[in-house]
Amino acid sequence: QVRLVESGGGWVQAGGSLRLSCAASGRTFSSYAMGWFRQAPGKEREFVTSINRSGGTTYYADSVKGRFTISRDNAKNTVYLQMNSLKPEDTAVYYCAATPILTTTRKFDYWGQGTQVTVSS
């Protein structure tokens, strides 16, 4: 079992930045690839980015490429999402997730409770 707790969400004006954190507890954090997803009102949950166990491989959705950066600190059992140049369409609940094998699909085994990000124009 892996417990994931996101933090760092909030309100920001368009063009601003936020950094989300996801703290993991339970089984060995470094055994899991990690991902971030988001869900806007009335829309399906969508893939944002993922990172492999060592942090050496990352994937991004086209909509965030060049603006968002995923990273992880295995010593702190934490994964981060640095979000720059935020747009109103980035407004969503952001979820952290864990899976044994790196993927860009929604096939993650563990999910956090989500943190709200609101970007105003």
Side-chain angles (χ1 to χ4, degrees):
Q1 188 76 10
V2 176
R3 183 169 178 257
L4 304 172
V5 179
E6 302 97 335
S7 61
W11 176 89
V12 64
Q13 286 190 321
S17 299
L18 281 176
R19 188 175 85 152
L20 305 183
S21 299
C22 173
S25 61
R27 293 190 175 180
T28 307
F29 177 69
S30 59
S31 297
Y32 291 89
M34 301 297 296
W36 288 95
F37 291 75
R38 66 187 182 186
Q39 188 167 17
K43 294 188 176 181
E44 289 190 356
R45 191 171 299 188
E46 65 174 1
F47 170 81
V48 176
T49 179
S50 59
I51 188 168
N52 72 339
R53 300 176 214 179
S54 67
T57 300
T58 57
Y59 295 112
Y60 294 92
D62 288 342
S63 58
V64 306
K65 219 172 272 186
R67 300 188 298 121
F68 290 11
T69 303
I70 188 171
S71 62
R72 65 188 297 162
D73 185 337
N74 286 345
K76 294 183 178 179
N77 290 356
T78 302
V79 62
Y80 304 97
L81 180 63
Q82 178 67 43
M83 304 185 294
N84 299 329
S85 302
L86 282 161
K87 305 175 181 180
E89 50 264 43
D90 295 319
T91 295
V93 177
Y94 282 73
Y95 297 89
C96 169
T99 181
I101 300 173
L102 182 65
T103 179
T104 60
T105 71
R106 282 184 283 185
K107 293 180 180 177
F108 280 69
D109 295 336
Y110 303 102
W111 294 83
Q113 82 289 348
T115 185
Q116 176 71 46
V117 171
T118 303
V119 184
S120 66
S121 57

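This one's a predicted model, so the numbers in the text were calculated from it and none came from an experiment.
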According to a 4.5 Å side-chain heavy-atom criterion applied to Ile, Leu, Val, Met, Phe, Trp and Tyr, with indirect links allowed, do Tyr32 and Tyr80 form part of one hydrophobic cluster?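 No, separate clusters.
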Say whether Val64 and Trp36 are linked into one hydrophobic cluster, either directly or through other cluster members, by side-chain heavy-atom distances under 4.5 angstrom.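 Cluster IDs for Val64 and Trp36 match.
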May I have the list of side-chain donor-acceptor pairs in residues 5-17 shorter than 3.5 Å, sequence neighbours left out?
residue: Glu6; atom: OE1; partner: Gln113; partner atom: N; Å: 3.1
residue: Glu6; atom: OE1; partner: Gln113; partner atom: NE2; Å: 3.4
residue: Glu6; atom: OE1; partner: Gly114; partner atom: N; Å: 2.9
residue: Glu6; atom: OE2; partner: Cys96; partner atom: N; Å: 2.8
residue: Glu6; atom: OE2; partner: Gly114; partner atom: N; Å: 3.2
residue: Ser17; atom: OG; partner: Asn84; partner atom: OD1; Å: 2.9

Among pairs that include at least one residue of [range], which meet salt bridge (Lys or Arg N to Asp or Glu O under 4.0 Å), considering only residues two or more places apart or in two chains?
range            : value
residues 77-89   : none
residues 109-118 : none
residues 66-77   : Arg67-Asp90

Residues in ring pair (Phe, Tyr, Trp, His ring centres under 6.0 Å) with Phe37, at least two apart?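 Result, ring pair (Phe, Tyr, Trp, His ring centres under 6.0 Å) vs Phe37: Phe47, Phe108, Trp111.
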Which atoms form the tightest heavy-atom contact between Phe29 and Ala24, and what is the distance?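 So the two residues come closest at CD1-CB, 3.4 Å.
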Any idea which heavy atoms bring Pro88 and Ser120 closest together, and the distance?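 Heavy atoms only, the tightest pair is CG-C, 4.5 Å.
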Tyr94: side-chain hydrogen bond (donor to acceptor under 3.5 Å, both in side chains) partners, not counting sequence neighbours: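 If we apply the side-chain hydrogen bond (donor to acceptor under 3.5 Å, both in side chains) test to Tyr94, skipping adjacent residues, the hits are Arg38.
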With [X] via side chain to side chain contact (heavy atoms under 4.5 Å, CB included) - residues at least two apart:
X      : result
Leu102 : Ala33, Ser50, Asn52, Thr57, Tyr59
Val93  : Tyr95, Gln116
Thr105 : Thr103, Lys107
Lys65  : Tyr60, Asp62

How far does [atom1] of [X] sit from [atom2] of [Y], to the nearest 0.5 angstrom?
X     : Y      : atom1 : atom2 : result
Asn74 : Met34  : CG    : CE    : 9.5 Å
Phe68 : Leu20  : CZ    : CG    : 8.0 Å
Thr69 : Arg19  : OG1   : CZ    : 11.5 Å
Asn77 : Arg3   : CG    : CZ    : 13.0 Å
Glu46 : Arg106 : CD    : CZ    : 9.5 Å

Taking only residues at least two apart or on different chains, which pairs with a member in residues 31-75 satisfy disulfide bond (SG atoms under 2.5 Å apart)?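 Passing the test, one end in residues 31-75: no pairs.
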Could you note down all residue pairs passing disulfide bond (SG atoms under 2.5 Å apart) where residues 26-80 supplies at least one of them, sequence neighbours left out?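 Those involving residues 26-80 do not exist here.
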Side chains of Leu4 and Val2 in contact at under 4.5 Å (non-hydrogen atoms):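 Side chain of Leu4 against side chain of Val2, heavy atoms only: contact under 4.5 Å found.
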